[in-house]
Structures are given as structure tokens and as C-alpha cells.
Amino acid sequence: MYKELAKTYDPKDIEEKLYEKWMNKKYFHAEVDWSRKPFTIVIPPPNITGQLHMGHALDNTMQDILVRFKRMQGYNTLWQPGTDHASIATEVKIIEKLKEEGIDKDELGREGFLKRAWEWKKEYGGRIIEQLKKLGSSCDWDRERFTMDEGCSKAVTEVFLRLHKKKMIYKGSRIINWCPICRTSISDAEVVYEEQAGHFWHIKYPVVGTDEFLEFATTRPETMLGDTAVAVHPEDERYAHLVGKSVMLPFVNREIPIIADSYVDREFGMGVVKITPAHDPNDFEVGRRHNLPEINIMNDDATINENGGKFCGMDRYAARKQIVKELDEMGLLVRIEDYSHNVGTHDRCHTTIEPMIKQQWFVKMDELIKPAIKAVKEKEIKLVPERYESTYFNWTDNIRDWCISRQLWWGHRIPAYYCDKCGEIVVAKEMPKVCPSCGCEHFTQDPDTLDTWFSSALWPFSTLGWPDETEDLKYFYPTDVLVTGYDIIFFWVIRMIFSGYEQMGEKPFRTVLFHGLVRDSQGRKMSKSLGNGIDPLKIIEQYGADALRFTLITGNAPGNDMRFYMERVEASRNFANKVWNASRFIMMNLERADGSEASGDSLTDADKWILSKVNTLVKDVTENMEKFELGIAAQKIYDFIWEEFCDWYIEMVKPRLYRDVDETKGAAIWTLKTVLTTALKLLHPYMPFITEEIFCTLKELESKGEEEESIMISSWPEYQESLSFAAEEEAVETIKQAVKSIRGVRSGMNVPPSRKAAVIVVSAQDRIREIFEGSRVFFSTLAAASEVTIQADKTGIAQDAVSAVIPGATLYMPLSDLVDIEKEIARLNKERDRLTGEIKRSQGMLSNENFVKKAPAAKIKEEEEKLAKYTNMMNQVLEQLKHLGC
RNA sequence: GGAGAUAUAGCUCAGCUGGGAGAGCAUUCGCUUGACGUGCGAAAGGUCAUGGGUUCGAGUCCCCUUGUCUCCACCA
């Protein structure tokens, strides 16, 4: 029956094997079953370009914990997996690859490019999925989806058509963020601002018809080529006489008006702003207010176009240099100031954004966002932690229309078709046959594709079959929890929420659980450029997935960033090893039960104590997990297993097991198994592999039936009132205190563990003596006791025996040969001082009239009990000191 | 400019609705204790950033100040 298990736990042996087993058994798979309650999580779809990083590892560990927890609780659990086509990220990657092969994207053409992209997806798109499996993720892989698969694409077209019909999608000429390297527009959310050292160029334009000049400052002199006005504040007296006049724009020799607009800050710079409507978002607004011409001076690659006169063909920075130089020569450059300012860059390639006016497609946000605001405000959707609500509202309150067209090839092509003859726009699922306007039969589809987030916004329902009214959709939607990092609230979370309400008429999920960033040990973001990233797969390889998962989930509060330390991984690995060895111990001793599998009646105080403890643990862990306090729950399991179960209970049980005859042996083994099984179940969501391995080995040893063939589909433990044993808990706590005191005294006296000593327990209280009577057997292993004598008074105790005082009892150890009486007295004096302090504190509180009057009765009682306890201990210490002649 | 987070033991961080400060790692001492040295036992180490306030009572709630971080806005 005894099974030989390795002395140290080696995850490599089992992880792959168990994952395969789970897959084969279809434990991850969910089917609609109206007799059971569903629990659904949709995965934040990783990019097909992605490699598993620590952020993914954390995100997916959290999801897996929730899913495994709910599955064990009996929910019909679906974790919907899939990947995102990641339009721009992927396109950039493929362009790079083509470049290596010497192929130019434009030469290859759209079709050829897409063919290559799909090939790439086929080859690498599944890589991250395989990596998620190594983590232990229990996704329903039978349902794996891709944002560009047929169903999701259908959903995208459907939404586009619907919104267009409701006039919530429109095409318009707006100022957008243009990336000259990627040659596409990007949304506001994709712009990151970087502080850059630049200059403030003070320039002056001659005022027409006078000999005056108007001076202003700019950080971007090259945009002057597109200036169509100069603005001052309407109430600025310095320039009041100039409003209505005009200035002459150098180089292009355009006469432009001096206008008044309150957008100008009188205090800043010269209080004069040059207005370039085509290349600055604020100027654009001003321009529209004043009906100014919008002159685009740049090509898509940010070189100056024909509107820039002689600078045509120059790069924007080269032009800047040249323009400054020539202005200086013309005497129009007043001075140059150093100036550090924020520059918008593209979050993918960090190229400085060029604001440009372009025809683009937009989603109108004002109406769409309303239900999304309401939902969070009214807690229809809960954000955890709650503080992310302010971030959420910050965005929703300042929302601008969403630019959804991208000048890319990889993605969902915009379902808009232009009549070749009259230019009529038809938005339709397929290319129309005849132009409704002119009858022409030739159309060209809009070349642009949609923002990646347009399709991921639909993810919670597109993956379940929408727009078809599938059973899956009816059953699994709305989903329960969305787990994600706070960094994509704007990109994704908000957009899913308004899309859910708009398309489904219902929230996409009930709770959003945010986590923070995983940083390196110095608190820096893990990044490729710094080279400080830690590869989760390497950690798994070296320490096991369980250790990695446990590390990621413990030691920080929800939503906070965390630092990743190898020392913490080691600690988690050590914990896994601890669990392994505790189990090994139990399995090694199963045979000692010699058939006496008794439970109930023969349970000792210690058994009841640990059963009671694990019962409380069940409650605490379940409650915390329900509150999404995964780290607290994990910590409680850890503490219980290591301290209570291993360090105390197992040590207490040893003498019972090793004795030839012990009528409580069966009860001990039964308790060991019961508590272990319960603890393993609680731990399973966190450490799925090791718990499964032990659980199954244990079942195998017992050759029990198939009723619980895997821990992952076993039932979650429940708190039982009948397993709460207050008296036994108190009894064992007394014993623990006694043991600790003895250890403390021995250690203080430098008594080696090999030197056993008799322990004489003296207590006037029947109850205390009874407790010790029932527990004397523990003292041999726990406190190096040779024998334990229990008596009501001090009869027969050697004068120089060392003593340890606990509430209600004094413990004596005759160790005269080793004991230094002076030291013993010093120790007792220290104890006396400590108790004096405690008593003083307690008395102080109790003699405080306000405390007695206002504090709750329970608190007062508690304090009175403490006082009694310390007074009792004090008397024992004083007596002992007196005994030693002090 | 606006918002949020954070300041607790040498390091990294917990500390739920206010009622005697905790963990992991590191440190010191002891241990071939019939599961585990990836271990066991004992210990040392904190005026909980500063200053106020509320309260019988504040690490915990409120305000001020200071430091650090993040997000948003983007005044040319």
C-alpha cells in the first residue's frame, strides 16, 4: 500500500501529464445545461503576435483561479478563449519579415500581403495558446475563437451596419492622429505623450499695411507653411488694434488674418498663436469656428507637399531646420528658447504623431456612452477595486468620437462601397450590384480596415455566436467576470460595455477585476528595450507552474502593481514542496491505520482542533474568493497548511502513530486525510497541478471508487457548523502555549534538543489539568519532554527547577545541572516587567470612565478577562521568584 | 492643470467594516527531532512619512504638508 514518492517535488514530471489528462477528459469543456447555473469568463484575447509575458501569466492565473473555484462549486463553467488579430501590431511584424526577404509591402499588393499574413497567423498565432496551457489555464479550447474568424467578422459587419443605419457611424473630414511611419490614422487612446526637449522659436510676421510685426512663439515652425491665421485673445489690449488686420506669411506669401479667439492664453508666451488648422487639433477647432481654410502641407510620410512651396519634398524636421535658418536670415527670428514639452507619439512605434485632416470613419460617442456611464454609476457593473471608477469616469466624461478607420490591410475591411461613377457610398454586407443613385454597376470597397478594438469590443458576445440568437448566447451571456489590467480600461473595457448595451441590450459582464502591472525587482516596467523581462515559461520550466501562479497571486493587494522577485518564486516553490512532503508523510503512514478507520467517537482534542481550524479556513477562503481577494485567500491557505497543519498537527499526531498501541490511531489517520483533502481542494485553484497529483495518488492508495476522479471536478468544501469545536480549539491553544513556553525556556537556557527533561504541570484548575492529561503524549515530540506529570500543587518539585508560566498553569522542568539560577531570575524578572506593563495597560483602560461607559460590552468583558489572565500569571511569576529566594 | 495610488521591520509587501503591529526574504543562535535542510525550533528588528482633527480608543476615518509612482489633459 505504501507508495514511494520523491523526497522533493518535481513539477516537470507531472504538469504535462496532468494537463493532457484534463484535456482528454474534457473537464474544461462546457455545454449549455439549463439545469445548472453558468459561470462565464471571456479571456482578454492575446495578440497573435504575442509571447506569454508576466502580465499574461498574472491575468490568466487570476482567471483560472476563479474558473476552477466556480467549477468546483458546481457552476457550469465556461472560460472562453481566443486570440486577437491585433491589426497594427501584426501588420508591422509582417512588414518587417517581408523586408528581411527584400519584399516591399506595396509591391506585393493587398491580396498577396493578406495571404502572407494568414500564413503567419497559422504558423505563429497558436504559440501563445500553447503557452497558456503550460500555465494550467482551464479554458474550453474546443471553443477557441479568433477576432477575424468567420463568426467574429460577421459580428463586426453587423455592428458596423447597425450603427451606420442609426447614424452613429459616419464618415467625416476631421483632424486625426497620423503616424507617418505606419501610415495610418490612430485613435486618441493610441497616442502616448512623451516629454521631449525642444525649442520655443520666437518668430515675427509683418503686419500688412503697417511697419509693425506680430511676434509669437512656436515649437513647430515648419507648420507655418500651413498657417491660415494668427490669433490673439479678444480682450487683450496689447493687440486690440491689430485684430481685423492681416499679416504676411513668409515663404508662401499668403496674407492671413489676425483673429480674436478666447482659446488664446494671454499669459502664455507672447499671447499670440499662429493657427495651423490642418496640423494641430486646437488650431483645427479655432479654424472651424472662424471658417479658416485648412491647408494640408504634408504627405502621408510627413514630408512637405506642394503646398509648402520651395520646401516641398523635404522631411518635416529638415524643413524645420531650413525654415528657421531662412527666417533668421530674413530677420524674422527673434530668439530661440529651450523648451521641454510633451509630444504625442504612436504607442506602437513611438513615432511623433502628425495631426492631419483626413477623411475617416468615426463612431459617434455621445449617446452610445450613456448606458456605459449609468451601468457603472449604478453598480450594474462592479469595478474591483472600486477606485478604478474614477479612471473610468474620467474617460467617459471627456469622450470624443472614436476614429475607427485604419489605413492598414490586416483587419476587418470597412464594409463601405463607393460607386465608381458617382461616388455614392453604400454600406452593406457585400458589394452592391447596382448603384442606387446612378445605376452604375461598378464599385470599389473602402480600402481601410477597422481599429482592432472595434472587434474586441464585441468579444463577449461575438464569441458566443452573435448576431445569431444561439443557445450559448442565451445561456452564457452576460458573462460574470472580466479580468484585465487597468491599462486597457479605455481601449477595451469601456468599449465592450457600451457595445454590450447597444447590441445586446445587456451588460457584457457583472464584474471587472483589475490587476496591476508586474514589474521587475527594482520596480521598473518589464520591457524589451530594457531587457529586464522575465520569461514566465522559464520560471515554469525551473520552478513549476504552481510556484509561478502562487507567486503572482500573493503578496500584493488587488489592483496594485507588484514586483517580481526570484526569492518569492523560491518561497512558493518551497511551499509546494512542503505540501508535497506533508502528503508524503500521510501516505507513508496510511497503513498504520490497520483497518481502524474510525472517525467520530475516537477523535481527540487535537483532531477536533484541526478539523475546526480547517472548517474556519473553508469559510474564510470561500468568502475572500467571493470578494475577489485572491491573495488573502491564498495566504490563509498557506498559513494553515504550513503552520497549523504541518508544524503543529502533524507533529502532535506523530507519537500517536508511532506507538504500538493507540486506540486513536485510526482517528488520527482519518483526520490527516480529511484535513489534507480539504486543504488540497482549497489550494487547487491556485496550484492545480500538485494538488491534482496528490489527490489522485491518495485516491489510488485508498483504491476508492471513481466518485471523485479528479480534484478539479471534485466538490468545493463547505463550512459545517457541526465541525466547529470551540472547547477543543481552546484546549489545544493552551497546549500550544505550554509547548511554546517550554521551547522558549529551553532555548534561552541553551538546552540542546537531545537533552530531554521531565515536565511537571502544576495547575489548581481542574479544566487545565484535564487538558494536559489528554495531551501529555504530544510533549515528547513537541517539547522534548521525557515524561509529563500533572498535579494540583507543587509537591515534590526541585527547588531549582526552571519554570514557564502560562495562563492557569506553571510548568516546571528539573534541569538543575544546566541552569544558571541568575539567568533564570533575570528571565523571570523580564517576564514580570512585561506582565506589569500589560496589567497597567488593562487597568488603565478599565478605570477610564469613558471607556467603560462608551465601549461595547463585549470589548469591556474581553479586557476584564485579559486583566484576570495577566494577574493570574503575575502571581505565578512572583511566587516562582519568591521560591528562588527573591 | 486634473485625478488616483502609495509612504508600515534591513528589503519586498499584507493589514477587511477603528479595540494590543504581521508575512516572505535577509540577520543571529541552536538542531543528522523516524514528511520535508526547498526543513525544524528560538530570537533580534517598527514613536505604522510629518503635523493636526474626529473618537473612550486611530496603522486603520477626515484635513494639511512632504516624498515617490501612475493615469488623464496637452498652453501654441
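If you're wondering where the values come from, they're calculated on a predicted model, not measured in any experiment. Below, read A as the first sequence line, B as the second, and so on, with proteins coming before strands; counting in each chain starts at 1. Quick note: numbers below take in every heavy atom, side chains included, and nothing from hydrogens, waters or symmetry partners.
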Side chain of A/Ala557 (C-beta onward), nearest among B/U55, B/A14, B/U38: B/A14
When we call it a touch if two heavy atoms are under 4.0 Å apart, what does [X] touch: a base, just sugar-phosphate, or nothing?
{"X": "A/Asp265", "result": "base"}
{"X": "A/Arg743", "result": "sugar-phosphate"}
{"X": "A/Asn560", "result": "sugar-phosphate"}
{"X": "A/Asn398", "result": "nothing"}

Map A/Phe851 and A/Ser842 onto RNA chain B by nearest heavy atom, then report which one ends up closer to the 5' terminus. A/Ser842
Atom CD1 of A/Ile489 and atom CZ of A/Arg495: how far apart are they, to the nearest 0.5 Å? 13.0 Å
How long is the line joining CD of A/Gln522 and C1' of B/C69, in whole Å?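 My rounded result for the distance is 16 Å.
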Between C1' on B/A35 and CG on A/Asp647, what's the gap in Å once rounded to a whole number?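 Nearest whole value for this atom pair: 12 Å.
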In terms of the angle between their ring planes, are A/Phe585 and A/Tyr658 parallel, tilted or perpendicular, with boundaries placed at 30° and 60°?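 Answer is perpendicular, since the angle exceeds 60°.
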Aromatic rings A/Phe200 and A/Tyr339: how do their planes relate, parallel, tilted or perpendicular, breaks at 30° and 60°?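 Aromatic pair A/Phe200/A/Tyr339 classed parallel.
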At less than 3.5 Å, do the side-chain atoms of A/Lys578 and the base atoms of B/C36 form a donor-acceptor pair?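 Yes.
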State whether [X] places a side-chain N or O below 4.0 Å from either non-bridging phosphate oxygen (OP1 or OP2) of [N].
{"X": "A/Asn574", "N": "B/G39", "answer": "yes"}
{"X": "A/Tyr339", "N": "B/A76", "answer": "yes"}
{"X": "A/Arg387", "N": "B/G4", "answer": "no"}

Aromatic-base stack, A/Phe268 on B/A76, cutoff 5.5 Å, angle under 30: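 No; by the centre-distance and plane-angle rule, A/Phe268 does not count as stacking on B/A76.
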